[in-house]
Chemist: 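Quick one: the structure is below, questions incoming.
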Amino acid sequence: MTADFPTYRRLTTILEMGRVSFELLAWASPLAESSSSVGSSSSVGGNSSIGPIGSAGALDHLMALYETLPPQLPWVDTVSLVPEVPVGFSPVPERTSWFEADRAVAVVVPPGRAVIETAACLGRFWRALEWIRGRLTRLDANPQAAGFLRLAVELDASQSMVLKLRSAPALVATLHRLAREGIAPPPELVVHPTLLPAHWIARGHALGDWLLERAAGPMAVILSDGPRILDLVSPYVRDAGHDLAQWGRDNPAHLSLDGLAEALDASAGGDALPHVDLLALVADDLLRAHPELWTERRRAEAIAGLALLEDRLGVVGVAELERLAAPDRAAIPVGSVGSLGVVASPVEALRDALLERLFGGRRVADVAVVLGVHHAAMCPIVPKALANDREGMVLLAGNRLERQAKRLRVAVQPVERLEASAATFCGDDPLRLAGRIRRAVVLGDIPADLSPVVACYPADPMALFGGLTREIAQLNAARLALSSLLVRRLAGHGRSDRDRKPLELEGSLPSRRFRA
């Protein structure tokens, strides 16, 4: 779970200031929210719910956060959110994303919602710490059994909380230090300018202009919060399949996903190549181990008819489908024509700004969206309906996606309705994005017969094979959305009345935005 929309909006406004106090962050980050990710490679607290303000809620929150936050955090002057390691900072021991220098610490975070969630986490941490400090008196310096009991008495902790404290000696030592020395004045939070939403929006507009300049005529557009969509358009994985398979077999220690080495062996029989999706995952590890090969890959893609522009905010590309060489033929059927715009970015504000540019250019003929949602499925999720009462609409695409999944032999998990409460992943909401597309239809910015396809993949599947399940599900969801998008274009945009999209829920009034 992540910050709700009002909290997200407050924090976005605050972070635009660039330099803010932790007291302001604490005010904007209610303690009753769940904890979330801090940094690109560490998870803080998982999805555990944090109770209301009080000893149990504050202690639960601190214990969920403390194992991934620097122990000196209560006594620093500055906390910085940065896109890369600052000069002169050294790693904080056992804290993968954190770095320190004198009385300052910095956390490396990816752009997008992670910045907002990191700020929310730090605000809740400070609020919990302030509350606990108000309950502490002078405690013994030695956190032995008596120290635990004394701490439990000071904080009105339950017996189960005492047991939890026994398993967190670093946190107990910090609480004892707080009791002895007090807490330093609230530090300042400094946000690097390239991590601020204004930068994402400007970048989205620029990328939208870049796409419009390179696409000939109306284009289909597919947006995703992950990069897997590129593996279906790029010729690289299919052209280099034998080399990728051999490198994967020879370098199992370099494969970052649990279960990938075993899957490669199980997928290939004799001299046969492993499944192309597994080779796409191997390609990531190969390019990570040998970054000089990126130039070779991008050159091959340009020759094959795929123009790409990328930075750390994501990748956008445009492909002329008639001349696109060696794509995934399940995703891009033979005979596909026209321009395809590809947007792969985890930054929601960037995607929104890019869509705004594309809609304003009146060049979008079809749209498909691939987003992660919280779900325990092991395969792509096909909602029978995307429903949002607040927007006064229903989007129906499930039957079409299910039929396409059968043709592609992609296993999917149908759900009756995907609603906002279950659809959020890192603050991203497929319903909100789909609603934005439908509003563009109503306003006449894009064709009235446009039928957006929204395919979802489980962002938190049951961890049977580590991250492998999630990556394969994302590839299959992208294949499903892209193939459905292009099959519809080949059919001349025809669809029956049954497939038309009502703009309101049955038995409910439409939103004012949709009233004539």
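Quantities reported herein were computed from a predicted structural model and do not represent experimental measurements.
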Chemist: Is any side-chain heavy atom of Leu211 less than 4.5 Å from a side-chain heavy atom of Leu358?
Modeler: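 The answer is yes, as the side chains (C-beta and beyond) meet within the 4.5 Å cut-off.
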Chemist: So, for Ser339 and Val318, which heavy atoms are closest and what is the spacing to 0.1 Å?
Modeler: CB-CG2, 4.5 Å
Chemist: Which heavy atom of Arg297 sits nearest to which heavy atom of Ala283, and what is that distance?
Modeler: NH1-CB, 4.4 Å
Chemist: Can Gln404 and Arg407 be said to form a side chain to side chain donor-acceptor pair (under 3.5 Å), step by step?
Modeler: CA-CA 5 Å; Gln404 191 66 5; Arg407 284 194 286 268; 2.4 Å; yes
Chemist: When rounded to the nearest 0.5 angstrom, what distance separates OG in Ser97 from CG in Leu81?
Modeler: 11.5 Å
Chemist: I'd like to know if the side chain of Asp225 and the backbone of Gly372 have a donor-acceptor N/O pair within less than 3.5 Å.
Modeler: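 Yes, because the side chain of Asp225 sits within donor-acceptor range (under 3.5 Å) of the backbone of Gly372.
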Chemist: Compare all side-chain heavy atoms of Val316 with those of Val342 and state whether any distance is below 4.5 angstrom.
Modeler: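 The answer is no, as the side chains (C-beta and beyond) never meet within the 4.5 Å cut-off.
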Chemist: Which heavy atom in Ser484 sits nearest to a heavy atom in Val453, and how many Å separate them?
Modeler: OG-CG2, 3.9 Å
Chemist: For Asp366 and Val221: C-alpha separation, side-chain torsions, deciding distance, then whether side-chain contact (heavy atoms from CB on, under 4.5 Å) applies.
Modeler: CA-CA 6 Å; Asp366 287 285; Val221 176; over 6 Å; no
Chemist: Could you measure the distance from the CD1 atom of Ile381 to the CG atom of Leu401? Nearest 0.5 Å is fine.
Modeler: 12.5 Å
Chemist: Given Arg288 and His254, is the side-chain contact (heavy atoms from CB on, under 4.5 Å) satisfied, shown in steps?
Modeler: CA-CA 9 Å; Arg288 191 177 297 111; His254 285 79; over 6 Å; no
Chemist: About how many Å separate OH of Tyr457 and CD of Glu471, when rounded to the nearest 0.5 Å?
Modeler: 8.0 Å
Chemist: For salt bridge (charged side-chain N to carboxylate O under 4.0 Å, His left out), just list the numbers for Arg323 and Glu320, CA-CA rounded to whole Å, side-chain angles, deciding distance to a tenth of an Å, and then say yes or no.
Modeler: CA-CA 6 Å; Arg323 59 182 290 256; Glu320 299 305 323; over 6 Å; no
Chemist: For the residue pair Ala300 and Pro235, what are the closest heavy atoms and their distance?
Modeler: O-CG, 4.0 Å
Chemist: Mind checking whether Gln413 and Met378 have side chains closer than 4.5 Å, heavy atoms only?
Modeler: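 No; the side chains remain at least 4.5 Å from each other.
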Chemist: CG/Leu354 to CH2/Trp210 distance, rounded to the nearest 0.5 angstrom?
Modeler: 10.5 Å
Chemist: Is there a donor-acceptor pair closer than 3.5 Å between any side-chain N or O of Ser483 and the backbone N or O of Arg479?
Modeler: yes
Chemist: For a 4.5 angstrom cut-off between non-hydrogen side-chain atoms, does Leu212 reach Met219?
Modeler: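 They are in contact (side-chain heavy atoms under 4.5 Å apart), so the answer is yes.
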Chemist: How close do Arg351 and Ser224 get, heavy atom to heavy atom, and via which atoms?
Modeler: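 For Arg351 versus Ser224, the nearest heavy atoms are CD-O, 3.9 Å.
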Chemist: For Glu416, does the CD atom sit with more than 12 other heavy atoms under 6.0 Å from it, leaving out its own atoms?
Modeler: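 Counting other residues, nucleotides and ligands, CD of Glu416 stays at 12 neighbours or fewer.
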Chemist: State, with a plain yes or no, whether a side-chain heavy atom of Val82 is found less than 4.5 Å away from one of Val109.
Modeler: no
Chemist: What distance separates Leu475 CG from Arg470 CZ, expressed to the nearest 0.5 Å?
Modeler: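 Atom-to-atom, Leu475:CG and Arg470:CZ are 11.0 Å apart.
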Chemist: Using side-chain heavy atoms (C-beta onward) and a distance below 4.5 Å, is Asn251 in contact with Asp285?
Modeler: no
Chemist: Could you measure the distance from the NE2 atom of His205 to the CD1 atom of Ile201? Nearest 0.5 Å is fine.
Modeler: 7.0 Å
Chemist: Identify whether the distance between the nearest side-chain nitrogen and carboxylate oxygen of Arg299 and Glu296 falls below 4.0 Å.
Modeler: no
Chemist: Does Ala220 offer a backbone N or O that forms a donor-acceptor pair with the side chain of Arg363 under 3.5 Å?
Modeler: no
Chemist: Can you tell which of Leu486, Leu482, Leu232 makes a side chain to side chain contact (heavy atoms under 4.5 Å, CB included) with Ile222?
Modeler: Leu482
Chemist: Would you indicate whether the side-chain heavy atoms of Arg228 and Asp284 approach each other to under 4.5 Å?
Modeler: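 Asp284 reaches Arg228 side chain to side chain.
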Chemist: At their closest point, which heavy atom of Leu321 faces which heavy atom of Ser336, and how far apart are they?
Modeler: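 Heavy-atom minimum between the residues: CB-O, 3.5 Å.
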Chemist: Do Ile332 and Val233 come close enough that some side-chain heavy atom pair is under 4.5 Å?
Modeler: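 Touching, per the 4.5 Å side-chain cut-off.
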Chemist: If only atom types and distance count, is the side chain of His192 paired as donor or acceptor with the main-chain N or O of Thr194 below 3.5 Å?
Modeler: yes
Chemist: side-chain contact (heavy atoms from CB on, under 4.5 Å), that's the test. Do Leu244 and Leu286 meet it? Break it down for me.
Modeler: CA-CA 8 Å; Leu244 290 171; Leu286 172 63; 3.5 Å; yes
Chemist: Please step through side-chain contact (heavy atoms from CB on, under 4.5 Å) for the pair Leu207 and Arg203, ending with a clear verdict.
Modeler: CA-CA 6 Å; Leu207 293 176; Arg203 185 61 179 160; 3.7 Å; yes
